[in-house]
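Let me begin by presenting the structure, written as structure tokens, before commenting on it.
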Amino acid sequence: MNYKIGVVLFYLLNLFSATLLVVGGEFRDLILFFIGVCLLASAFLIKYEFKLDVFFWEKVK
């Protein structure tokens with residue numbers, strides 16, 4: 001997998017899973033919440049499998 005595609009896929013999966021977690025929690029829909037958790041787990045599996053250096057914030061020096 002190309003590095004840039006992996007990073008974009010990681011962030012898209014995180015964004016979509018966060019959306020599903022919020023919607024599933026708001027409507028108390030267990031299936032949407034479970035799918036959001038699974039997508040979040042798969043995003044981090046992709047991150048660790050392809051050794052992507054992805055940070056959520058910059059470290060202050």
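When reading the values below, keep in mind they use all heavy atoms of this one structure, side chains included, and skip hydrogens, waters and symmetry mates. Being a predicted model, the structure only gives us computed values, none of them experimental.
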What distance do [X] atom [atom1] and [Y] atom [atom2] have between them, rounded to the nearest 0.5 Å?
X: Ile5; Y: Leu9; atom1: CD1; atom2: CG; result: 9.0 Å
X: Phe34; Y: Asp29; atom1: CZ; atom2: CG; result: 12.5 Å
X: Ser42; Y: Asn14; atom1: OG; atom2: CG; result: 8.5 Å
X: Leu13; Y: Leu20; atom1: CG; atom2: CG; result: 10.5 Å
X: Asn2; Y: Phe50; atom1: CG; atom2: CZ; result: 11.0 Å

Hydrophobic cluster identity match, [X] and [Y], side-chain contacts under 4.5 Å:
X: Phe27; Y: Leu32; value: yes
X: Tyr48; Y: Val7; value: yes
X: Leu12; Y: Ile46; value: no

Next on the checklist: Can you confirm whether Leu21 sits close enough to Phe33 that some side-chain heavy atom of one is under 4.5 Å from a side-chain heavy atom of the other?
Outcome noted: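 The answer is yes; the side chains approach within 4.5 Å.
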Checklist entry - Taking all atoms of both residues into account, what is the closest heavy-atom pair of Asp53 and Tyr3, and its distance? => result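 In terms of heavy atoms, the two residues are closest at O-OH, 3.3 Å.
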Checklist entry - Of the non-hydrogen atoms in Gly36 and Ser17, which two are nearest, and what is the gap between them? => result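 In this case the closest contact between Gly36 and Ser17 is O-CB, 3.2 Å.
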Checklist entry - Centroid-to-centroid, Phe44 to Phe10, below 6.0 Å? => result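 When the ring centroids of Phe44 and Phe10 are compared, they turn out to be within the sub-6.0 Å range.
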Checklist entry - Can you name the one residue among Leu39, Leu40, Ile35 that meets side-chain contact (heavy atoms from CB on, under 4.5 Å) with Phe16? => result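 One option only clears the test, and that one is Leu39.
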